[in-house]
Every structure is written in C-alpha cells, then in structure tokens.
Protein chains: 4
Amino acid sequence: MTLSLKLDAEGVNALLRRAFPDGSDQNFPRVTEVAPGRALVVRPYHESMLRPGRLISGPTLMGLADTAAYALVLAHVGDQLMAVTSSLVMNFLRGAQPGDIHAEALMLRLGRRIAVCDVRLWTEHPERLAAQATVTYAIP
Amino acid sequence: MTLSLKLDAEGVNALLRRAFPDGSDQNFPRVTEVAPGRALVVRPYHESMLRPGRLISGPTLMGLADTAAYALVLAHVGDQLMAVTSSLVMNFLRGAQPGDIHAEALMLRLGRRIAVCDVRLWTEHPERLAAQATVTYAIP
Amino acid sequence: MTLSLKLDAEGVNALLRRAFPDGSDQNFPRVTEVAPGRALVVRPYHESMLRPGRLISGPTLMGLADTAAYALVLAHVGDQLMAVTSSLVMNFLRGAQPGDIHAEALMLRLGRRIAVCDVRLWTEHPERLAAQATVTYAIP
Amino acid sequence: MTLSLKLDAEGVNALLRRAFPDGSDQNFPRVTEVAPGRALVVRPYHESMLRPGRLISGPTLMGLADTAAYALVLAHVGDQLMAVTSSLVMNFLRGAQPGDIHAEALMLRLGRRIAVCDVRLWTEHPERLAAQATVTYAIP
C-alpha cells in the first residue's frame with residue numbers, strides 16, 4: 001500500500017478548527033505530526049475529562065480516537081470534511097492517569113470509499129497503552 | 001436470566017450527578033426509565049453537539065451509549081461507581097439529525113464481573129436508529 | 001425502514017448450497033425462516049464443533065453468525081453472492097452447551113451499499129444467549 | 001509491560017494438538033514463532049476454505065485470528081486450555097487470495113484475568129493485510 005499525503009499537520013489543524021465549533025479551544029486536540037500512513041494527535045489535559053476514580057473518562061478517549069482517525073484520513077484525502085465514522089471499536093486496556101492524552105493513528109487500509117485506522121492512546125508512556133481503537137471512516 | 005433492580009431512575013440519576021463534575025448541567029444525560037434488563041436515557045440537544053453536515057457528532061453519540069450502559073449497570077448492581085467500560089463497539093447506521101438524543105440500553109448478560117449491554121440510539125424516531133452499540137462493563 | 005423480501009427460506013438455502021463447496025453436508029447451516037428484517041438459521045450439532053471444556057468453539061459460533069447475516073442479506077437483496085462481510089464483532093456471553101446452534105439475525109440498517117445485522121446465538125434456550133454479533137456486509 | 005514466555009512454539013503446538021479433535025490434521029494451524037508479546041501462526045491452504053469469488057472465507061480468517069490469539073495467550077500463561085475468547089472484532093480489509101494464511105498476533109495488554117491481542121492476517125504479503133482483528137481472552 002503506497003500512501004501519500006495531501007495535507008501536513010498544520011493543514012489538518014486548520015481544517016479541524018474550521019469544522020468544529022469549539023475547534024479553537026485550548027483543550028481541542030492538536031495534530032502534531034503526519035507522515036504517510038500515520039498521524040500523532042495530542043489533547044491537552046483538563047480536569048473536566050475525569051470520571052470517578054480520577055481516571056480519564058471513556059468518552060474523552062473515544063472522542064480523541066475518532067478525531068485522530070479523522071485527522072489521519074483528512075491528511076490523505078484532503079479537504080473532505082464530510083468523511084464520517086462508520087464504526088468505532090474501543091478496547092480499554094488500563095485506567096488512563098490524568099495528563100495530556102496522546103493518540104497515534106495508523107492506516108490499515110485506505111480504499112476509495114473506506115478507510116480503516118488503528119489508533120493507540122496513552123497518557124503516561126506509549127508502552128503503557130490506555131486504549132486501542134479500530135475506526136472505520138466512509139469517504140464521500 | 002432473571003434480573004432485578006437495585007435502583008430506580010431517580011436513584012441512578014442521583015448517582016450520575018454525584019459521579020461527574022458536569023452532572024448537574026442541563027445538557028447532561030437523564031435516565032427516564034429503568035426496568036429489569038432495560039434503561040432509557042435522554043440527552044437534551046445543544047448545538048455544540050454538531051459536526052460538519054449539521055449532524056450529531058460521533059463522540060456525542062458514543063458518550064451517550066456509554067452513559068446509558070453505565071446507567072443500566074448501576075440500576076442492577078447499585079452504588080458501584082467504579083464499574084468501568086472494558087470495550088465499546090459503535091456502529092453508525094445513518095446521520096443523526098439535530099434533536100434530543102434517545103438511548104435504549106438492554107442487558108445481554110449480567111455476570112458477577114462483567115455486564116454486556118446492547119444500546120440503540122436515535123433522535124428522530126426509534127424505528128430510524130442512528131447508531132447501535134455493544135458496551136461491556138467490568139464490575140469491581 | 002420498510003423492508004421487503006426477494007427470496008424465501010428455500011430460495012436462500014438453494015443459494016447457499018450453490019455457493020459453498022460443503023453446502024450439501026448434513027451439518028451445513030439451514031435457513032428455517034425469513035421475514036422482512038429477520039432470519040432464523042440452525043446448524044445441526046456435530047462433536048467436531050467442540051473446544052476444550054466441551055463447549056461449542058468460538059469459530060463455530062462466529063461462522064454461524066456470519067452465515068446468518070449473509071442469509072438475511074441475500075433474502076433482501078436476492079442473488080448477490082458477492083456480498084462480503086466487511087466487519088464482524090462477536091461478544092461471547094456464556095459457554096455454549098453442545099446442541100444444535102440457533103441464530104436469529106435482525107436487520108439494523110439496509111442501505112444500497114451496506115447492511116448492518118444484529119445476530120443472537122444460542123443452543124439451550126433463546127433467553128440464554130451464548131453470543132451476540134454485529135455483522136456488516138458490503139453489497140456489490 | 002514486561003512479558004515473558006512460559007512455552008515455546010513447539011510447546012504451544014503440542015497443547016493445541018491435544019486440545020482440538022482435528023489438531024493433527026495437516027490443515028490445522030501451526031505456530032511457527034513465539035517471542036515475548038508476539039506469535040506467528042500459519043494455516044496451510046486448502047480449497048475448502050474458499051467462498052464465492054475464490055477468496056478465503058471470512059469464517060476461515062476469523063478462526064485463524066482466534067487461534068493465533070489463543071496461541072499467543074498460551075505461550076505467556078502456559079497450560080491453561082480453559083482460557084476462552086470473550087470478544088473478537090474482525091475488520092476485513094481486502095479479499096484474501098488463495099494461499100497459506102499467515103497471522104501475526106501481538107499482545108496489547110496481559111492482565112491477570114484478561115488478555116487483549118491485536119492480530120493481522122494476510123496471504124500474499126504482510127504489507128497487504130487481508131484482515132485485522134482484536135481478540136480478548138478471559139484467563140481462568
């Protein structure tokens with residue numbers, strides 16, 4: 001699978017800011033790196049992300065997994081904001097300690113109509129994954 | 001499978017308000033009905049829930065699926081806030097039009113350590129599902 | 001969602017026999033009922049289906065979940081054998097005791113290009129589910 | 001996550017042969033390599049594995065994904081045949097051409113009671129994945 005980029009990290013960030021009403025918030029996820037088949041996204045920590053037990057909440061992690069896959073897809077297909085998630089499978093691996101949340105998204109398959117991404121999330125260390133997701137996007 | 005309730009809808013709502021920092025917001029999900037094996041949850045619409053295309057965003061729907069399963073589990077096991085999601089599988093079936101979001105959660109299996117819930121979500125009409133989720137909770 | 005059938009149970013059975021090399025075996029799954037949005041499939045028990053612990057093996061259950069969804073899709077779209085599974089999510093709920101395996105498949109969403117089916121499997125009693133699956137088919 | 005092995009490839013193969021009635025067949029999957037956190041499994045091709053379109057069938061791929069995860073778990077926990085799959089999520093990425101099927105299983109998380117494995121499957125080339133699975137095992 002030979003992949004090439006249509007947008008760099010700043011291009012994707014600009015698209016995301018345009019797409020979401022709260023895209024300019026300081027707690028909105030930020031794409032820090034894109035390469036063929038790969039994107040890194042970070043979401044700055046805020047304590048409203050916590051659930052009982054002082055762990056990052058599941059919906060916060062799922063939202064970031066979805067955004068990281070969206071960013072990866074946009075980097076490869078360009079300005080196609082109408083790409084939509086068709087499925088997301090999330091496996092929670094261990095409690096996510098409070099801290100900035102990192103997501104690495106890898107392209108498993110980029111077809112003309114569908115993209116399948118593998119996403120890994122962590123707060124402490126990339127070797128201590130908090131969650132893994134498989135996200136499928138439908139491309140318009 | 002014979003199921004019995006430990007909490008009614010108001011009991012679950014009280015727990016959720018205690019558990020989440022923004023649990024008293026007017027846009028926080030509200031449990032409207034619980035019965036053995038079943039819970040109904042509604043989240044009032046707010047336009048910050050939209051994504052490009054003026055549809056309810058995926059993370060909003062996933063967050064509600066998770067909350068509905070959590071509410072269903074708490075109704076059956078009582079005050080065990082440390083129940084945690086171990087996996088969530090979300091299938092997006094059609095675009096969710098703006099409006100209050102409804103979630104019906106059904107218990108597929110309640111074991112001592114694990115609960116598996118089927119959740120269906122819609123805004124327009126229960127026959128026009130926007131998404132279906134299978135959510136697994138680990139019970140402490 | 002208004003659904004109508006293109007094939008009855010015997011029509012689907014005939015298609016499946018044509019499609020699979022071992023489709024005439026006495027242990028091949030058999031469609032026993034189809035209705036708009038719903039199909040019932042049974043696979044006769046054989047002890048080669050067992051795994052350690054004398055339970056029906058996971059792959060046997062997954063294979064039947066896939067076949068039940070395929071049967072449901074074919075019943076609604078007709079002779080389109082090239083429909084292919086795009087994803088299958090299986091939740092094992094309790095050990096499946098030896099016995100004929102029953103699968104009920106329900107259509108969650110039938111689009112032009114994609115079908116999403118909910119499948120429930122049991123051996124003892126439909127109230128004691130052995131597994132639940134969500135199966136997505138791509139329609140050519 | 002520091003992982004260490006309890007069994008080598010031959011030890012796992014011996015366990016699998018003992019566990020399954022058809023474990024000595026020449027078409028039964030064979031573990032070719034294990035290392036901490038990783039196992040490689042190959043299933044020799046046979047034309048009974050085909051589905052319409054002359055592609056490897058979905059159930060064949062799912063069965064191998066499950067076996068590869070089982071082999072990976074057994075390599076790390078030893079002779080615990082009663083480990084059971086609790087969920088399996090399969091994403092079909094492209095049609096699998098006829099040929100020996102390869103599966104690489106990686107450990108995402110090994111807890112005391114649960115193991116989560118990422119499995120990739122291919123026939124032609126490891127860069128052209130036919131499918132990706134996430135498999136969760138419950139450890140007795």
Side-chain angles (χ1 to χ4, degrees), chain A residues 15-23 25 28-29 43 46-70 73-74 79-96 98 114 130-138 140, chain B residues 15-23 25 28-29 43 46-70 73-74 79-96 98 114 130-138 140:
Chain A
L15 262 186
L16 293 177
R17 274 193 300 272
R18 214 174 77 204
F20 289 96
D22 55 356
D25 284 11
F28 195 79
R43 183 161 185 204
H46 186 275
E47 72 170 20
S48 64
M49 297 169 184
L50 295 182
R51 54 150 282 146
R54 290 196 62 76
L55 298 169
I56 305 281
S57 77
T60 302
L61 294 169
M62 291 190 285
L64 182 58
D66 187 54
T67 302
Y70 193 42
V73 171
L74 295 176
D79 185 352
Q80 304 241 30
L81 288 175
M82 286 310 298
V84 292
T85 317
S86 56
S87 70
L88 185 146
V89 176
M90 188 84 173
N91 289 285
F92 295 93
L93 301 172
R94 55 170 65 82
I114 211 134
Q132 180 270 342
T134 308
V135 188
T136 306
Y137 262 81
Chain B
L15 262 185
L16 293 176
R17 274 193 300 270
R18 214 175 76 204
F20 290 97
D22 55 355
D25 285 10
F28 195 78
R43 183 161 186 204
H46 186 276
E47 71 170 22
S48 65
M49 297 169 184
L50 296 181
R51 55 149 280 146
R54 289 195 62 75
L55 298 169
I56 306 280
S57 76
T60 301
L61 294 169
M62 292 190 286
L64 183 58
D66 186 54
T67 302
Y70 192 42
V73 171
L74 294 176
D79 184 352
Q80 305 241 30
L81 288 175
M82 287 310 298
V84 292
T85 316
S86 57
S87 70
L88 186 145
V89 176
M90 188 84 174
N91 288 285
F92 295 92
L93 302 170
R94 55 169 65 79
I114 211 135
Q132 180 271 343
T134 309
V135 188
T136 306
Y137 261 82

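Note that the structure is predicted; figures quoted are calculated from it, not measured. Protein chains get the first letters and strands the later ones, always in sequence-line order, with residue 1 at the start of each.
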According to ring-ring contact (aromatic ring centres under 6.0 Å, His included), who are the partners of B:Phe92, at least two apart in sequence or on a separate chain?
none
Taking B:Thr85, B:Thr60, B:Thr136 one by one, which has the highest count of heavy-atom pairs under 4.5 Å against chain A?
B:Thr85
List the residues meeting side chain to side chain donor-acceptor pair (under 3.5 Å) with B:Arg17, not counting sequence neighbours, and say none if there are none.
none
What residue in A:Gly95, A:Ala133, A:Ser86 has the most heavy-atom pairs under 4.5 Å with chain B?
A:Ser86
Sort by residue number and list every member of residues 49-58 of chain A having a non-hydrogen atom under 4.5 Å from chain B.
A:Leu50, A:Arg51, A:Pro52, A:Gly53
Kindly give the heavy-atom pair with the smallest separation between A:Asn91 and B:Ser87, and that separation in Å.
OD1-CB, 3.8 Å
Quick one: sort the A:Tyr70 and A:Tyr137 rings into parallel, tilted or perpendicular, breaks at 30° and 60°.
parallel
CG on A:Asp79 to CG on A:Leu15, rounded to 0.5 Å
4.5 Å
May I ask you to list the residues in residues 61-68 of chain A that approach chain B closer than 4.5 angstrom, counting heavy atoms only, ordered by number?
A:Met62, A:Gly63, A:Asp66
